[in-house]
2 protein chains.
Amino acid sequence: MKLSFDALKQQLKDREISLSHQRLKVLAFLCRSRGHPTADEIYLALREEIATLSKTTVYNTLRVLEESGMVQAIGIEDHETRFDLSPPDHGHFKCLSCGTVSDVPMDIQALFPEAMNHWRVDETQVNFKGICPDCLSGEEESK
Amino acid sequence: MKLSFDALKQQLKDREISLSHQRLKVLAFLCRSRGHPTADEIYLALREEIATLSKTTVYNTLRVLEESGMVQAIGIEDHETRFDLSPPDHGHFKCLSCGTVSDVPMDIQALFPEAMNHWRVDETQVNFKGICPDCLSGEEESK
DNA sequence: TCCTACTTTGTAATGGTTACATCCGAGAGG
DNA sequence: CCTCTCGGATGTAACCATTACAAAGTAGGA
């Protein structure tokens with residue numbers, strides 16, 4: 001369900017964000033990344049491609065992408081922000097056992113109560129925590 | 001819709017958590033607090049009553065209360081955890097203008113997709129961000 | 001009173017994130 | 001080519017909420 005890299009490049013152009021080498025790399029990594037990487041994971045992975053990459057650049061880039069609406073910061077964890085490229089039409093589930101963060105398909109746009117129509121909602125996040133099927137079956141086996 | 005302080009004290013007893021002076025004070029503060037205070041706000045407020053209060057104690061207490069299920073940690077902000085005493089039958093809304101965090105009544109228990117019945121869900125959080133009515137009307141006036 | 005376990009306290013460390021000063025590199029204009 | 005300019009990239013240092021740890025206090029039981 002991810003957008004293609006070329007489509008993302010076009011989005012950058014449309015928003016008049018210059019397509020620097022580093023920004024394209026961060027975007028490409030988010031594009032091919034299955035999970036929801038942290039800033040540090042992005043930094044460590046891209047460092048192999050760009051030896052001079054700075055962590056500040058990763059944070060700067062993520063902030064630019066977030067402000068432009070192309071990337072969403074997920075606050076499902078206590079001391080780490082994860083980043084998601086997908087359009088915000090789903091929730092997130094964090095497994096407390098293995099730590100994986102998965103997508104949960106659902107219509108999060110329809111959640112805000114209509115009765116509160118005097119509020120302007122810019123962003124909606126739905127976060128679940130629990131145990132994923134893999135870890136659940138593992139627990140049963142170990143009994 | 002908050003629980004009474006006495007009911008909370010009884011909950012502590014039921015869970016075999018000793019009712020130390022500091023823990024009762026933290027609980028009482030959460031009880032009479034309208035908003036969703038941060039650990040630091042709790043610390044600063046209670047410091048006037050307990051001069052020797054340590055920040056570590058506040059964090060320890062909040063962790064005990066959270067693990068017992070009496071308090072919920074809200075991760076709606078980037079670098080600050082807020083704490084909520086109320087039962088988890090509502091979402092939260094953070095105003096990006098004034099920073100207030102409000103309750104949003106809704107049935108968050110029914111959110112998880114039935115199709116994912118192999119997942120064990122322990123916790124659900126729904127976080128909205130946007131502009132509250134007060135700030136919206138303020139913006140209009142300033143035009 | 002002594003013993004033991006639990007709680008509180010204060011300080012030091014941790015670690016993700018940001019501020020800031022500096023450096024680089026591409027494009028504009030000469 | 002040269003130089004000027006400006007946005008982006010870099011690295012270091014700082015920030016700050018949170019946690020680890022060790023020491024000191026406290027309550028209850030024998």
Side-chain angles (χ1 to χ4, degrees), chain A residues 9 12-13 15-29 35-68 70-84 94 99 101, chain B residues 9 12-13 15-29 35-68 70-84 94 99 101:
Chain A
K9 261 170 74 174
L12 277 183
K13 276 188 194 163
R15 289 161 215 259
E16 295 184 350
I17 298 172
S18 60
L19 290 69
S20 77
H21 185 224
Q22 285 84 345
R23 283 180 185 164
L24 290 178
K25 283 290 186 182
V26 169
L27 211 45
F29 180 80
H36 307 78
T38 63
D40 198 55
E41 285 168 0
I42 298 171
Y43 168 68
L44 291 176
L46 291 185
R47 196 171 195 180
E48 297 174 7
E49 304 176 32
I50 315 173
T52 65
L53 183 67
S54 159
K55 222 172 202 177
T56 306
T57 301
V58 175
Y59 279 107
N60 284 342
T61 301
L62 287 171
R63 197 182 60 238
V64 168
L65 294 179
E66 191 189 350
E67 286 171 355
S68 81
M70 293 180 61
V71 160
Q72 194 189 16
I74 309 169
I76 199 173
E77 305 198 69
D78 285 345
H79 302 308
E80 256 179 350
T81 306
R82 292 187 172 274
F83 294 90
D84 192 357
K94 169 163 191 181
V101 175
Chain B
K9 261 170 74 172
L12 277 184
K13 277 187 193 165
R15 289 161 216 259
E16 296 183 349
I17 298 171
S18 61
L19 291 69
S20 77
H21 185 223
Q22 284 83 346
R23 284 180 185 164
L24 289 177
K25 282 292 186 182
V26 169
L27 210 46
F29 181 79
H36 306 79
T38 63
D40 198 56
E41 284 167 1
I42 298 171
Y43 169 70
L44 290 176
L46 291 185
R47 195 169 197 185
E48 296 174 6
E49 305 175 32
I50 315 173
T52 65
L53 183 66
S54 160
K55 223 172 202 176
T56 305
T57 300
V58 175
Y59 279 107
N60 284 343
T61 302
L62 288 171
R63 198 182 60 241
V64 169
L65 295 178
E66 190 188 353
E67 286 171 355
S68 81
M70 292 180 63
V71 159
Q72 193 189 17
I74 309 169
I76 200 173
E77 305 198 66
D78 285 343
H79 302 307
E80 255 179 351
T81 306
R82 293 186 171 272
F83 294 90
D84 193 355
K94 169 162 191 183
V101 174

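Within every chain, numbering begins at 1; the chains are lettered A, B, ... in the order of the sequence lines, protein sequences first and strands thereafter. Because the structure is a prediction, the values reported are computed rather than measured.
- Note: CG (A:L19) to C1' (C:dG25) measures 16 Å, nearest angstrom.
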Handout entry: Worked verdict on B:Y59 versus B:R63 for side chain to side chain contact (heavy atoms under 4.5 Å, CB included)
Key = CA-CA 6 Å; B:Y59 279 107; B:R63 198 182 60 241; 6.0 Å; no
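- Of the listed nucleotides (C:dT7, C:dG16, C:dT9), C:dT7 has the atom at the smallest distance from the side chain of B:R23.
- Residue A:R47 contributes atom CZ, which lies 11 Å from atom C1' of D:dG11 at whole-angstrom precision.
- Within the structure, a side-chain polar atom (N or O) of B:Y59 is placed less than 4.0 Å from OP1 or OP2 of D:dT18.
- The distance between atom CD of A:E41 and atom P of C:dG15, rounded to the nearest whole Å, is 15 Å.
- A:R23 pairs by the salt bridge (Lys or Arg N to Asp or Glu O under 4.0 Å) definition with nothing, not counting sequence neighbours.
- Residue A:Y43 contributes atom OH, which lies 16 Å from atom P of C:dT18 at whole-angstrom precision.
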Practice task
Decide yes or no on side chain to side chain contact (heavy atoms under 4.5 Å, CB included) for B:M70 and B:L27, but give the supporting numbers first.
Solution key: CA-CA 10 Å; B:M70 292 180 63; B:L27 210 46; 4.1 Å; yes
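- Side-chain polar atoms of B:R47 and B:Y43 form a donor-acceptor pair below 3.5 angstrom.
- If you check every strand for non-hydrogen atoms under 4.0 Å, A:S18 touches sugar and phosphate atoms only.
- Not a single donor-acceptor contact under 3.5 angstrom links the side-chain atoms of A:S20 to the base of D:dG8.
- The residue A:T38 sits apart from the nucleic acid: no heavy atom pair falls under 4.0 Å.
- Note that NE2 of B:H79 is 14.5 Å distant from OG1 of B:T38, once rounded to the nearest 0.5 Å.
- Nearest heavy atoms, B:A73 versus B:E66: CB-OE2, 3.5 Å.
- Atom CZ in B:R82 sits roughly 16 Å away from atom C1' in D:dT18 (whole-Å rounding).
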Atom pairs, N/O to N/O, protein against nucleotides 28-30 of chain D, distance under 3.5 Å?
none

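- For the pair B:K55 NZ and C:dG10 P, the computed distance is 13 Å after rounding to whole Å.
- Here the closest heavy-atom approach between residue B:L12 and residue B:L24 is recorded as CD1-CD2, 4.2 Å.
- Distances shorter than 4.0 Å separate some side-chain N or O of B:T52 from OP1 or OP2 on C:dT9.
- Scanning all heavy atoms of the two residues, the minimum distance from B:L62 to B:A39 falls at CD1-CB, 4.0 Å.
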Please write out each protein N/O paired with an N/O of nucleotides 20-27 of chain D under 3.5 Å, distance rounded to 0.1 Å.
from   : atom 1 : to    : atom 2 : distance (Å)
D:dA20 : N6     : B:T56 : OG1    : 3.3

Handout entry: Verdict with reasoning, A:D40 to A:L44, per side chain to side chain contact (heavy atoms under 4.5 Å, CB included)
Key = CA-CA 6 Å; A:D40 198 55; A:L44 291 176; 3.7 Å; yes
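- Whole-Å rounding puts the B:L65 CG to C:dT7 P distance at 12 Å.
- For the pair A:R82 and A:E41, the tightest heavy-atom approach, listed with the atom from each and the gap, is NH1-OE1, 3.7 Å.
- Summarising the geometry, the separation between CD on B:E77 and C1' on C:dG16 is reported as 16 Å, rounded to the nearest angstrom.
- The side chain of A:I50 lies closest to D:dT10 when the candidates are D:dG8, C:dT8, D:dT10.
- In terms of phosphate contacts, B:T57 brings a side-chain nitrogen or oxygen within less than 4.0 Å of OP1 or OP2 of C:dT9.
- In this structure, of C:dG16, D:dT10, C:dT9, it is C:dT9 that holds the atom nearest to the side chain of B:Q22.
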